[in-house]
Amino acid sequence: NRDRDNLIIDIVFEIQEGPRVFVERIDITGNVRTLDEVIRREFLLVEGDAFNASKMRRSRERIQRLGFFRTVEVENIEGSEPDRTVIKTEVEEQSTGELTFGAGFSTDAGPIGTVGLRERNLLGRGQDVRIGLQLAAEATQIDLSFTEPYFLDRNLSAGFDIFRTTTEQDESSFDSERIGGSLRAGYELQRDLRQLWRYTIERRDIRNVENDASIFVRSEEGTTLRSSIGHELNLDTRDSVFDPRRGVNGSLNNDFTGLGGDVTFLKNVLGATFYYPITEGLTGSIRGEVGHMFGIGEDTRVSDRFFLSSRHIRGFEFGGVGPRDRNSGDSLGAKQYYVGSLQLAFPLGLPEEFDIRGRVFTDVGAAWGVDNDNRNVLDESSPRVSVGGGISWNSPLGPLELDLGFAIVEEDFDRTEILSFNFGTSF
């Protein structure tokens, strides 16, 4: 209704309520390998419920985020009666097995290679099993992990990990061996927010300490038992786990070590990554993470502290940022750290079927703090900065990621790294 004299328009809504519509049934097609139950348990609607379009859209998102399907189409069609509707779900399965290869190059350590075997949808039941193997001149690791996402047919994930790791930590002049296992259980607190509990026990052996190693490293030589309980809160609203364009993925981790064993300390890590679509094909992201630890009734140990790597600040090698022994040059780990990153991902102008995207980034961060005599320790909390670029390619054989990072702000005692890449293939 127009009031031209006062330049006002009144809008009147006339609403006629229709009959309530109920879900008659849910039809699922296209799942050759995945069991119907794995898809149905992600629905927020069941047969007999009043139809809710919002819950249907959220159900589609939950199915898509399983990562088992290339496409997921969910729509409602007329049922056998006017007040009945049928939810039609059509999926296209994709490979869920992964054979991954990783490689990196450090200015000090040289090439490093990893091999991993993973099945995210074991026997079509949605179970996740993973075997990892790292082979390098300086590290060997083998681990087995299994997760049941709906333990006892409830929205409760449960799993275990078994691991054995031997590492030649040249940056700290010692070798270490870790043997142990953990039990995990997680559940959903509310939409997109999950809580995870874990118990870990491991035996750690510090050995082959070099004669000219830091006195702080030499004092830790020997075997210790660590018994810890950990807690994690994870918020994940990303539109895709593998190629996110919008949403946030954040987590809070708290680990207390001291339920028996030989060492007692508390570790806390808080981090999040935000993704935002700037234009079609252009995605910006911002990442931040902080960590802090302290000993309880004792000093912290080098082998328990934080060691930053190219995952935190590209352009620096593992242990390249943080406290360092003034005399031996050994990396001593840090009691606290912070890192941040700005990244812009964009198409390279190639045909879409190649699925290759470029990115540019800048990383900033620092790691500092020890319990040792600071007169013999080089330790600065000043920010380090790197810039660089890279590509990600979802190739027919699997995903490939390559980054070139260059340190532009660093301390004299830092250690840098230029190139890192990862490659994986699926089956």
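Bear in mind that the values here come from a model prediction, so they are computed numbers and not experimental data.
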*Asks:* For Met56, run the side-chain contact (heavy atoms from CB on, under 4.5 Å) check against Asn76, Leu44, Thr85 and tell me which one passes.
*Replies:* Asn76
*Asks:* Ignoring hydrogens and geometry beyond distance, is a side-chain donor-acceptor pair present between Asn249 and Arg287 at under 3.5 Å?
*Replies:* no
*Asks:* For Val339 and Val364, run side-chain contact (heavy atoms from CB on, under 4.5 Å): C-alpha distance rounded to whole Å, both residues' side-chain angles, the deciding distance at 0.1 Å, then the answer.
*Replies:* CA-CA 6 Å; Val339 293; Val364 62; over 6 Å; no
*Asks:* Are side-chain N/O atoms of Thr224 and Arg226 paired as donor and acceptor at under 3.5 Å?
*Replies:* yes
*Asks:* Only one of Asp363, Thr416, Asp414 clears side-chain hydrogen bond (donor to acceptor under 3.5 Å, both in side chains) with Arg384; which?
*Replies:* Asp414
*Asks:* State, yes or no, whether a side-chain contact exists between Ile286 and Gln343 at a heavy-atom distance under 4.5 Å.
*Replies:* no
*Asks:* Could you check if a side-chain atom of Asp236 sits within less than 4.5 angstrom of a side-chain atom of Arg65, using non-hydrogen atoms only?
*Replies:* yes
*Asks:* Do Ser214 and Asp325 pair up side chain to side chain, a donor and an acceptor below 3.5 Å, judged on atom types alone?
*Replies:* yes
*Asks:* Using side-chain contact (heavy atoms from CB on, under 4.5 Å), reason through Phe163 and Ile142 one step at a time and then give a plain yes or no.
*Replies:* CA-CA 6 Å; Phe163 56 86; Ile142 183 168; over 6 Å; no
*Asks:* Would you find a donor on one side and an acceptor on the other, under 3.5 Å apart, between the side chain of Asp239 and the backbone of Arg245?
*Replies:* yes
*Asks:* Taking C-beta and beyond as the side chain, do Val377 and Arg326 meet within less than 4.5 Å on heavy atoms?
*Replies:* no
*Asks:* Quick one: does NZ or CZ of Lys267 land under 6.0 Å from the six-membered ring centre of Phe294, within 45 degrees of the ring axis?
*Replies:* no
*Asks:* Side chains of Ile26 and Phe43: does their closest heavy-atom pair fall under 4.5 Å?
*Replies:* yes
*Asks:* Is a side-chain N or O of Glu93 found less than 3.5 angstrom from the main chain of Val32, in a donor-acceptor match?
*Replies:* yes
*Asks:* Check whether Gln336 reaches the backbone of Trp368 with its side chain - one donor and one acceptor, N or O, closer than 3.5 Å.
*Replies:* yes
*Asks:* Are the side chain of Ser227 and the backbone of Leu259 linked by a donor-acceptor contact shorter than 3.5 Å?
*Replies:* yes
*Asks:* Considering non-hydrogen atoms only, spot the tightest contact between Lys335 and Asp371 and give its length.
*Replies:* NZ-OD1, 2.9 Å
*Asks:* Are Glu47 and Arg25 within salt-bridge range, i.e. N to O under 4.0 Å?
*Replies:* no
*Asks:* Would Arg357 pass as a cation-pi partner of Phe346, given that its NZ or CZ must be under 6.0 Å from the six-membered ring centre and within 45 degrees of the axis?
*Replies:* no
*Asks:* Any side-chain donor paired with an acceptor under 3.5 Å for Thr89 and Arg60?
*Replies:* no
*Asks:* Can you find a side-chain donor-acceptor pair between Ser328 and Asp212 that sits under 3.5 Å?
*Replies:* no
*Asks:* One pair to check against side-chain contact (heavy atoms from CB on, under 4.5 Å): Arg125 and Leu122. What are the steps and the verdict?
*Replies:* CA-CA 6 Å; Arg125 298 178 178 275; Leu122 183 65; 5.9 Å; no
*Asks:* Classify the side-chain pair Glu119/Thr96 by whether it contains a donor and acceptor separated by less than 3.5 Å.
*Replies:* yes
*Asks:* Between Gln94 (side chain) and Gly67 (backbone), is there a donor-acceptor pair under 3.5 Å?
*Replies:* yes
*Asks:* Cut-off 3.5 Å, side chains only: do Tyr338 and Glu289 have a donor facing an acceptor?
*Replies:* no
*Asks:* Looking only at atom types and distance, does a side-chain atom of Arg57 sit under 3.5 Å from a main-chain N or O of Val74, one as donor and one as acceptor?
*Replies:* no
*Asks:* So that I know where these two stand, are His312 and Tyr337 an aromatic pair - ring centroids less than 6.0 Å apart?
*Replies:* yes
*Asks:* Counting only N and O atoms by type, is there a donor-acceptor contact under 3.5 Å from the side chain of Arg178 to the main-chain atoms of Arg164?
*Replies:* no
*Asks:* List the atom of Gly126, the atom of Pro149, and the distance in Å for their closest heavy-atom pair.
*Replies:* O-CG, 3.3 Å
*Asks:* Salt-bridge test for Arg191 and Glu61: reply yes if a basic N is under 4.0 Å from a carboxylate O, no otherwise.
*Replies:* yes
*Asks:* Can a donor-acceptor pair be found, under 3.5 Å and without considering hydrogens, that links the side chain of Asn31 to the backbone of Arg33?
*Replies:* no
*Asks:* Would you find a donor on one side and an acceptor on the other, under 3.5 Å apart, between the side chain of Arg184 and the backbone of Tyr199?
*Replies:* no
*Asks:* Do the non-hydrogen side-chain atoms of Trp197 and Glu232 ever get within less than 4.5 Å of each other?
*Replies:* no
*Asks:* What do you reckon, are the aromatic ring centroids of Phe318 and Phe307 less than 6.0 Å apart?
*Replies:* yes
*Asks:* Indicate whether any N or O donor in one side chain lies under 3.5 Å from an N or O acceptor in the other, for Thr223 and Arg204.
*Replies:* no
*Asks:* Just wondering, are more than 12 heavy atoms of other shown residues or ligands nearer than 6.0 Å to CD in Glu78?
*Replies:* no
*Asks:* Does one side chain, of Thr237 or Asp192, offer a donor that lies under 3.5 Å from an acceptor on the other?
*Replies:* no
*Asks:* Take atom OH in Tyr276; do more than 12 heavy atoms of anything else shown fall under 6.0 Å from it?
*Replies:* no
*Asks:* Quick one: do the Asn121 and Thr34 side chains pair a donor with an acceptor below 3.5 Å?
*Replies:* yes
*Asks:* So Arg305 and Thr300, side-chain hydrogen bond (donor to acceptor under 3.5 Å, both in side chains) or not? Walk me through it.
*Replies:* CA-CA 7 Å; Arg305 295 180 192 143; Thr300 58; 3.1 Å; yes
*Asks:* Is there a donor-acceptor contact under 3.5 Å from the side chain of Asn234 to the main chain of Arg194?
*Replies:* no
*Asks:* Flag the pair Glu177 and Arg203 as a salt bridge only when some basic side-chain nitrogen lies within less than 4.0 angstrom of an acidic carboxylate oxygen.
*Replies:* yes
*Asks:* Check the pair Val23, Ile87 against side-chain contact (heavy atoms from CB on, under 4.5 Å), reporting the backbone distance first and the verdict last.
*Replies:* CA-CA 7 Å; Val23 178; Ile87 297 179; 4.1 Å; yes
*Asks:* Leu282 versus Pro277: any side-chain heavy-atom pair under 4.5 Å?
*Replies:* no
